[in-house]
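Structure record follows, encoded as structure tokens.
Note: hydrogens, waters and symmetry copies are ignored here, and every other heavy atom, side chains too, is used.
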Amino acid sequence: MNPTDPPKTKMSKVLMTSAIASSIGSFLFGFDTAVISGANASIQDVFSLDESQLGYTAASALVGALVGAALIGKPCEKYGRIKVLFLLAALYLVSALGCAFNWDIWSLVSFRFIGGLAVGGASVVSPMYITEITPPRQRGVLVAVSQLNIVLGILAAYVSNYVIISIMGSATDGVAWRWMFGMEALPAALFLFSAFIIPESPRWLAHKKRHDEARKTLLKLGYQDPDKELRTIEESFASNQGRKESLLQKRYMKPLLLVCMLAVFNQLDGINVVLYYAPKIFELAGFSTEDAFKQSMTLGLVNLIFTLVGMALIDRIGRKLLLLVGSVTFIASHALAAWVFLSGDTSWLAVLAAGGVAASHAYSQGAVIWVCINELLPNAVRAVGSATACFVLWFMCILVSTAFPPLIAMFNGYVFVFFAAMMMLQFILIWIFLPETKRKSLEQIEADM
């Protein structure tokens, strides 16, 4: 054991409960993003939409996520993490019920936008809250619970949609698709309740000079020496006294550029192209429509399995090595995908290529992104900085997702050559610039940066 490593401690029940409860926001993130897939055909039929109108309806949640991520930072810093989590839970609940009981297409779009606001906010606040409450040795795996819950939320939406269709029959009868949206109200209500029972972030409490509350919270969370931890946190904030807490300062440029770099590569690794367009990709690669949907369902399972692999490794081998190894497997997977398209091969290699992309993202970028964003940013600007990085991530998500269909039509398999090149660039930049943050306290990381 390295003498600088933090001591092993048993995870407290309060810490575990708080991490799981706050990550329900990430579960709803995944559920809300995926539930639309089962309702698209019904929405188009019920409201007589053309393809572009259907696209706008589906994209309304992504636009909401972009806005939510951009706006959540300052309220989170002013009012605290718990109050904002409560607000996000309320938005999820309003969105679920509103989509279920909508009265026209514009009301549906509006409620989807409200759900998107919650998705964007949760992508910032849930992993940030877990980062701030967790001791260094357990931080990687607990923050990665957010990514696991996103994956579980996606799977839950697919299963829920399937069960509803199995019970009610065709979704175009005006009832089944409403139930699909309405099912989200159950986890949203649970999320709303959980916001009442978990403690506020001790780092936010310390920032607001509520030191006694911060020390008691650290003790409940299982910190072995809460007084020492609190002193370290206070020293971190004291070093910024007298300075304007603006993100756009020279001293914050390095961590800000690093987290934005990770956010950009999180989408340039091609994961959402594979997940959103899996059936289309398999059809273009030569599979029948029925086989394409069968093969795309395997990607959800691959995503789940390798997310668990990433969680098992992140606190053992570190964040940087996971990203470097992931870059290599990304390159191989995209190169294989390019070969499948350019050669016209219609074999199982297309499934292997898509599965390789999903697996590479799950154990590397997917597991690391939420951890590193919140570890690298200093205490004083973590909320605003995390919101900025998530805004960049959602902007890139919209850009890549909307650009892929015309690009694959024009350039065929060369699109995957582009993704492979981006992963080569990621490998180089991560190797040169990204510090390893494994088992370091947030304040130690800040001092090192």
Side-chain angles (χ1 to χ4, degrees), residues 15 17-33 61 64-95 114-134 139 142-150 153 187-188 190-208 217 221 245 247 259 262-263 266 369-394 397 442:
L15 175 61
T17 301
S18 300
I20 293 174
S22 62
S23 67
I24 297 173
S26 297
F27 177 91
L28 286 159
F29 170 171
F31 193 102
D32 193 89
T33 302
L66 187 71
V67 175
L71 297 181
I72 202 68
K74 289 189 176 180
C76 197
E77 207 54 79
K78 183 175 181 180
Y79 300 109
R81 291 28 170 167
I82 298 303
K83 289 181 179 178
V84 171
L85 285 173
F86 181 85
L87 172 64
L88 295 176
L91 290 177
Y92 274 127
L93 187 59
V94 168
S95 173
I114 290 172
L117 291 175
V119 167
S123 70
V124 176
V125 184
S126 290
M128 179 175 63
Y129 172 77
I130 300 173
T131 299
E132 292 188 337
I133 67 173
T134 310
R139 189 190 309 124
L142 283 186
V143 178
V145 168
S146 290
Q147 175 63 20
L148 176 63
N149 267 14
I150 293 172
L190 179 61
F191 188 30
L192 193 69
F193 171 76
S194 72
F196 286 107
I197 63 172
I198 59 178
E200 181 55 83
S201 161
R203 285 174 169 80
W204 184 82
L205 291 171
H207 192 201
K208 298 301 178 182
T217 302
L221 292 171
E245 289 184 359
L247 183 63
V259 297
L262 290 173
N266 185 264
I369 182 70
W370 309 113
V371 181
C372 278
I373 282 179
N374 292 291
E375 285 182 332
L376 292 170
L377 290 164
N379 283 329
V381 294
R382 181 170 294 115
V384 177
S386 180
T388 301
C390 288
F391 174 85
V392 171
L393 188 150
W394 283 108
C397 177
L442 297 179

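- Scanning all heavy atoms of the two residues, the minimum distance from F391 to A70 falls at CD1-CB, 3.5 Å.
- For the atom pair L28 CG and L88 CG, the distance stands at 10.0 Å (nearest 0.5 Å).
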- Please lay out, stage by stage, how W370 and S23 fare under the test side chain to side chain contact (heavy atoms under 4.5 Å, CB included). CA-CA 12 Å; W370 309 113; S23 67; over 6 Å; no
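- A heavy-atom distance below 4.5 Å is found between the side chains of S95 and D32.
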- Could you walk me through whether R81 and E200 pass salt bridge (Lys or Arg N to Asp or Glu O under 4.0 Å), step by step? CA-CA 7 Å; R81 291 28 170 167; E200 181 55 83; 5.1 Å; no
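- One distance of note links OG1 of T217 with CD1 of I198; it measures 11.5 Å at 0.5 Å rounding.
- Note that CG of L91 is 6.5 Å distant from CG of L117, once rounded to the nearest 0.5 Å.
- Side-chain contact between L442 and R382 is present, with heavy atoms from C-beta onward closer than 4.5 Å.
- Checked by atom type, the side-chain pair W204/E132 shows no donor-acceptor distance below 3.5 Å.
- Within the 4.5 Å cutoff, side-chain heavy atoms of P199 are placed close to those of S18.
- Side-chain atoms of F191 and F86, non-hydrogen and from C-beta on, never get closer than 4.5 Å to each other.
- Expressed to the nearest 0.5 Å, how far OG1 of T131 lies from CG of L377 amounts to 10.0 Å.
- Heavy atoms only, all atoms of each residue included: S386 and N374 are closest at OG-OD1, 3.5 Å.
- Using a 4.5 Å cut-off on side-chain heavy atoms (C-beta onward), I72 and V84 make contact.
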- When you look at L393 and S123, which way does the side chain to side chain contact (heavy atoms under 4.5 Å, CB included) test go after all the steps? CA-CA 10 Å; L393 188 150; S123 70; over 6 Å; no
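- Using a 30° and 60° split on the angle between ring planes, F29 and W394 fall in the tilted class, from 30° to 60°.
- Taking both residues in full, the closest heavy atoms of S26 and S146 are given as CB-O, 3.2 Å, listed atom of the first, atom of the second, then distance.
- Contact of the I150 side chain with the F27 side chain is not registered, since no non-hydrogen atoms from C-beta on lie closer than 4.5 Å.
- Here the closest heavy-atom approach between residue N149 and residue I24 is recorded as ND2-N, 3.9 Å.
- A distance of 13.0 Å separates CD1 of I82 from CG of L87, quoted to the nearest 0.5 Å.
- Within the 4.5 Å cutoff, the side chain of Y129 has no heavy atoms near those of the C76 side chain.
- Residue A122 comes nearest to Y92 through the heavy atom pair CB-OH, 3.6 Å, listed as atom of the first residue, atom of the second, then distance.
- The minimum heavy-atom distance between C372 and V259, with the atom names listed, is O-CG1, 4.1 Å.
- For the side chain to side chain contact (heavy atoms under 4.5 Å, CB included) with L15, the lone residue among I130, I20, T134 that qualifies is T134.
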